[in-house]
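Worksheet: the structure to be examined is printed underneath.
Just so you know, these numbers come straight off a predicted model, no measurement behind them.
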Amino acid sequence: MFSFLRMKRTLLAIGLSGVLMSHAVAASSPLPAMGEIASQQIRHIATYFPGRMAGSPAELIAADYLNQQFNKLGYKSDLRGFDTRYLYTSNDGKKNWQNIHATSVIAARPGDVPQQIIVMAHFDTYVPQSDSDTNHNLGGLTLQGVDDNASGVGVMLELAERMQAIPTHYSLRFVALSAEETGAKGAEDFVNRMSAEEKKNTLLVINLNSLITGDRLYFNSGVNTSAAVAKLTRVRAIKIAHSLGIPAESHDNTHCCDGIGALDEARLPLLNVTATNYALGKKDGEQQRAVSSHFPLGTTRYQSQFDNLQYLDTALPGRIEKRSRDTVKVLFPLLRDLAKPAKHA
């Protein structure tokens, strides 16, 4: 108990110092160039909150940090705790349920009407779910989770900062989910707590996940997202990207919803943004890039030795900054225009 409390106090000190170091600025200050806030937040989260597994002290302190960031930007933000569990398999084949208390962060700002646009990214890192995972160094306390998914959270924070001073017709909600890496329980909890009215009023969910390692950006619609919404979101995002010279594609929507399947099943309109390569491996997006000496599995997911700042800066120099810039350049004008239609400008 003593060691847990001491760790919690240490992490709290780091988290609070991080607030002072963060790039959240007053609305009156000029904002940095596109992508700078995101890349700095990615580096900060990866450095100060490694091993932010659902239910861990690092996850709780990371959630507190994100909550403070949103509050500083003027959003009404709260921590949302929930109980969940995952199945752990030992080497002898025994399976045991592991109970955890996870914490997500929900930030909101009302618009002229209750209809809302949600921007979402999970911030938890992979929890080893078997002795085999542990033996292969998958997940655990040292996993920085730069690609998966400090990248999505960093972009979400920059979008929140850029939108803070823009009056919007539709309401905005920013959601940092936990327990995505334990069977997508965070998305399940989020959907289960939505009322029928909230679901009806949700015009779009933009989900951001793993934006660094993959070869190119993909903008995919949900399986149950209508063609009309897809045209306004997915098709438009790709057009914006191509107009800026940013390589971007879409893939058939059968693989859109890993980690957020509960939202698609609830028929919430989705735009899933990720970086991968659907032409490789099983062509399901799991393989992010070609197998090479730098990336022997063609992916960095869950791997502490690869999904960290030092390794990615060496193997893919400048990628964190470039991908942050490219993603924000596409999503900021898209979100701004969707949240504040021209007739309300």
Hey, what do you get for [atom1] ([X]) to [atom2] ([Y]), rounding to the nearest 0.5 Å?
{"X": "Leu217", "Y": "Ser250", "atom1": "CG", "atom2": "OG", "value": "12.5 Å"}
{"X": "Asp148", "Y": "Tyr126", "atom1": "CG", "atom2": "OH", "value": "11.0 Å"}
{"X": "Leu31", "Y": "Phe332", "atom1": "CG", "atom2": "CZ", "value": "8.0 Å"}
{"X": "Met194", "Y": "Asn192", "atom1": "CE", "atom2": "CG", "value": "11.0 Å"}
{"X": "Arg109", "Y": "Leu172", "atom1": "CZ", "atom2": "CG", "value": "5.0 Å"}
{"X": "Ile117", "Y": "Leu204", "atom1": "CD1", "atom2": "CG", "value": "6.0 Å"}

Going hydrophobic residue to hydrophobic residue with side-chain gaps under 4.5 angstrom, can you get from [X] over to [Y]?
{"X": "Ile206", "Y": "Leu263", "value": "no"}
{"X": "Leu159", "Y": "Leu66", "value": "yes"}
{"X": "Val273", "Y": "Ile260", "value": "no"}
{"X": "Ile246", "Y": "Leu331", "value": "yes"}
{"X": "Leu316", "Y": "Val146", "value": "yes"}

Taking [X] for the side chain and [Y] for the main chain, is one N or O donor matched with an acceptor at less than 3.5 Å?
{"X": "Asp147", "Y": "Asp307", "value": "no"}
{"X": "Thr299", "Y": "Arg301", "value": "yes"}
{"X": "Asp124", "Y": "Ala179", "value": "yes"}
{"X": "Arg52", "Y": "Gly145", "value": "yes"}
{"X": "Gln40", "Y": "Ile37", "value": "no"}
{"X": "Ser171", "Y": "Pro110", "value": "no"}
{"X": "Asn308", "Y": "Gln305", "value": "yes"}
{"X": "Thr327", "Y": "Arg323", "value": "yes"}
{"X": "Ser151", "Y": "Leu211", "value": "yes"}
{"X": "Thr276", "Y": "Gln287", "value": "yes"}

Taking the side chain as everything from C-beta on, heavy atoms only, tell me whether [X] gets closer than 4.5 Å to [Y].
{"X": "Val127", "Y": "Tyr86", "value": "yes"}
{"X": "Met53", "Y": "Glu181", "value": "no"}
{"X": "Met120", "Y": "Phe174", "value": "no"}
{"X": "Gln288", "Y": "Asn277", "value": "no"}
{"X": "Phe306", "Y": "Pro296", "value": "yes"}
{"X": "Thr103", "Y": "Glu59", "value": "yes"}
{"X": "Ile45", "Y": "Leu157", "value": "yes"}
{"X": "Asp337", "Y": "Arg236", "value": "yes"}

Side chains of [X] and [Y]: donor-acceptor distance under 3.5 Å anywhere?
{"X": "Thr213", "Y": "Thr300", "value": "yes"}
{"X": "Thr89", "Y": "Lys95", "value": "yes"}
{"X": "Arg85", "Y": "Asn99", "value": "no"}
{"X": "Gln69", "Y": "Glu161", "value": "no"}

For the student: nearest non-hydrogen atoms of [X] and [Y], plus distance:
{"X": "Gly51", "Y": "Thr125", "result": "C-OG1, 3.5 Å"}
{"X": "Val191", "Y": "Lys199", "result": "O-CE, 3.6 Å"}
{"X": "Val105", "Y": "Ala63", "result": "CG2-O, 3.5 Å"}
{"X": "Ser77", "Y": "Asn71", "result": "N-OD1, 3.4 Å"}
{"X": "Ala315", "Y": "Phe295", "result": "CB-CZ, 3.8 Å"}
{"X": "Phe70", "Y": "Ala107", "result": "CG-CB, 3.4 Å"}

_Just checking Lys239: does its NZ atom have more than 12 heavy atoms from other residues, nucleotides or ligands closer to it than 6.0 angstrom?_
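Check fails, neighbour count at 12 or below.
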
*Can you tell me if NE2 on His242 sees more than 12 non-hydrogen neighbours from other groups inside 6.0 Å?*
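Check passes, neighbour count above 12.
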
Using a strict threshold of under 4.0 Å (side-chain N to carboxylate O), is an ion pair present between [Y] and [X]?
{"X": "Asp189", "Y": "Lys185", "value": "no"}
{"X": "Arg319", "Y": "Asp313", "value": "no"}
{"X": "Arg80", "Y": "Asp78", "value": "no"}
{"X": "Arg325", "Y": "Glu158", "value": "no"}
{"X": "Lys94", "Y": "Asp131", "value": "no"}
{"X": "Asp215", "Y": "Arg289", "value": "yes"}

*asked:* Tell me which one of Asn207, Asp264, Asn220 satisfies side-chain hydrogen bond (donor to acceptor under 3.5 Å, both in side chains) with Asn272.
replied: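 In the set Asn207, Asp264, Asn220, the residue that makes a side-chain hydrogen bond (donor to acceptor under 3.5 Å, both in side chains) with Asn272 is Asn207.
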
*Please determine if Arg193 forms a cation-pi arrangement with Phe190, meaning its NZ or CZ atom is less than 6.0 Å from the six-membered ring centre and no more than 45° off the ring axis.*
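No, Arg193 does not lie over the aromatic ring of Phe190.
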
*Pick from Val205, Val119, Ile106, Thr202: which one makes a side-chain contact (heavy atoms from CB on, under 4.5 Å) with Arg173?*
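The single option meeting the side-chain contact (heavy atoms from CB on, under 4.5 Å) with Arg173 is Ile106.
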
*Looking at the rings of His44 and Tyr65, which for Trp means the six-membered one, are their centres under 6.0 Å apart?*
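Centroid distance His44-Tyr65: below 6.0 Å, so yes.
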
*When you look at Phe123 and Asn149, which way does the side-chain contact (heavy atoms from CB on, under 4.5 Å) test go after all the steps?*
CA-CA 6 Å; Phe123 71 95; Asn149 186 36; over 6 Å; no

*Could you check Ile166 against Met163 for side-chain contact (heavy atoms from CB on, under 4.5 Å), going step by step and ending with a plain yes or no?*
CA-CA 5 Å; Ile166 299 175; Met163 292 298 297; 4.1 Å; yes

*Check the pair Leu309, Ile320 against side-chain contact (heavy atoms from CB on, under 4.5 Å), reporting the backbone distance first and the verdict last.*
CA-CA 9 Å; Leu309 291 169; Ile320 293 172; 3.7 Å; yes

*Residues Asn137, Gln303; criterion side-chain contact (heavy atoms from CB on, under 4.5 Å); working and verdict*: CA-CA 7 Å; Asn137 198 30; Gln303 301 168 79; over 6 Å; no

*Start with the C-alpha distance between Glu321 and Arg43, add both sets of side-chain angles, then the distance that settles salt bridge (charged side-chain N to carboxylate O under 4.0 Å, His left out), and finish with yes or no.*
CA-CA 10 Å; Glu321 284 67 30; Arg43 291 182 179 280; 2.9 Å; yes

